[in-house]
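Throughout, protein chains are lettered first and strands after them, A, B, ... in sequence-line order, and every chain is numbered starting at 1.
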Number of protein chains: 2
Amino acid sequence: MEFSEIVQRRYSVKSYDPEKTISDAELKELFDEVVLSPSSFNLQHWTFVAVRDSALKKQLKEAAWGQSQMEDCSVAILVCGKLDAYRDAPKIYKEAPEGIQEKMLPMIQNFYEGKPQAQRDEAIRSASLAAMTLMYGATNRGWATGPMIGFDPEAVATILKLTSNLIPVMFIVLGHQKDAPRPRSYRHPVEDVVRLNTLDGPGLNGARNLLSGHQSP
Amino acid sequence: MEFSEIVQRRYSVKSYDPEKTISDAELKELFDEVVLSPSSFNLQHWTFVAVRDSALKKQLKEAAWGQSQMEDCSVAILVCGKLDAYRDAPKIYKEAPEGIQEKMLPMIQNFYEGKPQAQRDEAIRSASLAAMTLMYGATNRGWATGPMIGFDPEAVATILKLTSNLIPVMFIVLGHQKDAPRPRSYRHPVEDVVRLNTLDGPGLNGARNLLSGHQSP
């Protein structure tokens, strides 16, 4: 599907047909794309737990204050951020030219080691980039998706047996939409959220090509 | 362009042709899609500063330890996370049915107010979802992109006159690639990063449809 159509079609779906299932092969096709998402230093600070088991989904629903999409979806995918992804650098840069390795490995270590806030920021940032790819890839294949942060992260960590190096960043529930589509919810105008050159610069309105701060070098 | 082709084409580009420019109209088309990205409670915790001014790009390059893509790109877009986006809830839910407003507004307030870590996590999460849409939308229109976190956030905040409610989440530089494409960098196998049902469950390999924990309800 054309990307622009995907962007228009995707919205956060809350009601799913509990009869619909998704296969390993379908999931694999999705994740083959997800792992191509960018990440800082290519450290791929993400891990996914794809939950299809009915009993586990029921437990996750409890941990999500009873939200039924957690149980009715075809798969509930916990997108985790990996706090210690920087430790994978030697593996990731194994095939890189020697000069690159010697430059990157100490830089990466210095960027993350002993810096819990940097680790957390990065885990959320990279995992969220991957989550967006997952939603678009799923929409492209006809699935409805819903990102969710409304859950008890500690309860979820226990249910899914997370290790302490992983933090839940969001769930993506995925399945077939049951109810009729609802209209898209309100968005702030582009002009209000995009500023030109500095935050106090003009808003982007798309009709100011000759008057903006647009300078050819 | 088909989404799957976009995913394959997109990779992080570091060398840009400094002669290429981007117009307001082209930026507007991109951001019309970016703002359709999902966010928690639809709070749209993002603000963008699109920098095309040569002098400012040169200053940003200094703040990014001399990385030339900051200056050579057609536009350097700072993706900011908005810590106080929850304060926009009354505006965002203004047109929602009264029952929804009464339920959502206190819930949102309770979720964020006085919780700086939750505000920061959310700002990074939502801004990153939007950043991924920006990269795919740009790739779809033939632009090369590069996400960047290697910069001094305080220097950038000063140069771009950020207010204290905004945190820099990443830059996306955007332009025309100058050097020849390089091969895609290493990715962890899907089987290593996607676990089925629990973190200690089997890795997803796509060839286990009948043996996995896949249960029809």
Side-chain angles (χ1 to χ4, degrees), chain A residues 1 3 6-7 12 18 21 23-25 27-28 31-33 35-36 38 40 42 44 46-54 56 92 95 121 124-125 128-129 132-133 136 140 147 149 160-162 185-188 190 193-200 204 206 208-209 212-217, chain B residues 1 3 6-7 12 18 21 23-25 27-28 31-33 35-36 38 40 42 44 46-54 56 92 95 121 124-125 128-129 132-133 136 140 147 149 160-162 185-188 190 193-200 204 206 208-209 212-217:
Chain A
M1 198 186 294
F3 180 66
I6 292 171
V7 172
S12 301
T21 58
S23 69
D24 273 24
L27 280 176
K28 176 67 162 56
F31 280 103
D32 280 341
E33 294 186 344
V35 298
L36 299 181
S40 303
N42 190 31
Q44 306 163 54
W46 49 60
T47 295
F48 308 89
V49 185
V51 184
R52 288 174 298 194
D53 179 83
S54 301
L56 284 170
I92 290 169
E95 306 293 329
D121 288 357
I124 295 171
R125 182 162 41 218
S128 299
L129 293 173
M132 196 71 254
T133 303
Y136 288 135
N140 186 34
I149 60 149
L160 301 185
K161 304 183 185 176
L162 297 193
S185 45
Y186 168 84
R187 289 299 192 280
H188 294 308
V190 165
V193 298
V194 186
R195 297 281 151 184
L196 297 177
N197 286 326
T198 51
L199 185 69
D200 63 357
L204 173 66
R208 202 192 300 106
N209 284 329
S212 75
H214 183 192
Q215 302 187 352
S216 300
Chain B
M1 197 185 296
F3 179 67
I6 292 172
V7 172
S12 301
T21 58
S23 69
D24 273 23
L27 279 177
K28 176 67 163 57
F31 279 102
D32 280 341
E33 294 186 346
V35 298
L36 299 181
S40 303
N42 190 33
Q44 308 164 54
W46 50 58
T47 295
F48 308 89
V49 185
V51 184
R52 289 175 297 195
D53 180 82
S54 302
L56 284 170
I92 289 169
E95 306 293 330
D121 288 357
I124 296 172
R125 183 163 39 219
S128 299
L129 294 173
M132 195 72 254
T133 303
Y136 288 134
N140 185 34
I149 58 151
L160 302 186
K161 304 183 184 174
L162 297 193
S185 47
Y186 169 85
R187 289 300 192 278
H188 294 308
V190 165
V193 298
V194 187
R195 297 282 152 183
L196 297 176
N197 287 325
T198 51
L199 185 69
D200 63 356
L204 172 67
R208 202 192 302 105
N209 282 329
S212 75
H214 183 192
Q215 301 186 353
S216 300

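The contact between B:Ser12 and chain A is made entirely by side chain atoms (from C-beta outward), counting heavy-atom distances below 4.5 Å. For A:Glu33, the parts lying near chain B are the backbone and the side chain together; criterion is any non-hydrogen pair under 4.5 Å. The contact between B:Leu56 and chain A is made entirely by side chain atoms (from C-beta outward), counting heavy-atom distances below 4.5 Å. B:Pro147 touches chain A through its side chain: at least one heavy atom from C-beta onward sits under 4.5 Å away, while N, CA, C and O do not. Contact annotation for A:Ile92: both backbone and side-chain heavy atoms come within less than 4.5 Å of a heavy atom of chain B.
Across all their heavy atoms, A:Arg52 and A:Ser23 have their closest contact at NH1-C, 3.4 Å.
Here B:Asn197 contributes atom CG and A:Leu160 contributes atom CG; the two are 8.5 Å apart, rounded to the nearest 0.5 Å. With rounding to the nearest 0.5 Å, the separation of CD1 in B:Ile124 from CG in B:Leu129 is 12.0 Å.
Ranked by heavy-atom pairs under 4.5 Å with chain B, the first of A:Thr47, A:Leu36, A:Val35 is A:Leu36. Annotation: maximal heavy-atom pairing with chain B below 4.5 Å, among A:Lys161, A:Arg187, A:Met132, occurs at A:Arg187. Residue with the most contacts toward chain B among A:Leu27, A:Asp32, A:Val51: A:Val51 (heavy-atom pairs, distance under 4.5 Å). For the options B:Asn140, B:Asn42, B:Asp200, heavy-atom pairs under 4.5 Å to chain A are most numerous at B:Asn42. Listed options A:Val190, A:Leu199, A:Val7, A:Ile6 were ranked by heavy-atom pairs under 4.5 angstrom with chain B; first place goes to A:Leu199.
Inter-residue side-chain proximity for A:Thr198 and B:Asp53 is flagged as unmet; no heavy-atom pair is nearer than 4.5 Å.
Between B:Tyr186 and B:His188, the ring planes lie perpendicular to each other; the angle is over 60°, past the 30° to 60° tilted range. Using a 30° and 60° split on the angle between ring planes, B:Tyr136 and B:Phe3 fall in the perpendicular class, above 60°.
The pair B:Asp24-B:Lys28 fails the salt-bridge criterion, with no side-chain N (NZ, NE, NH1 or NH2) lying under 4.0 Å from an Asp/Glu carboxylate O.
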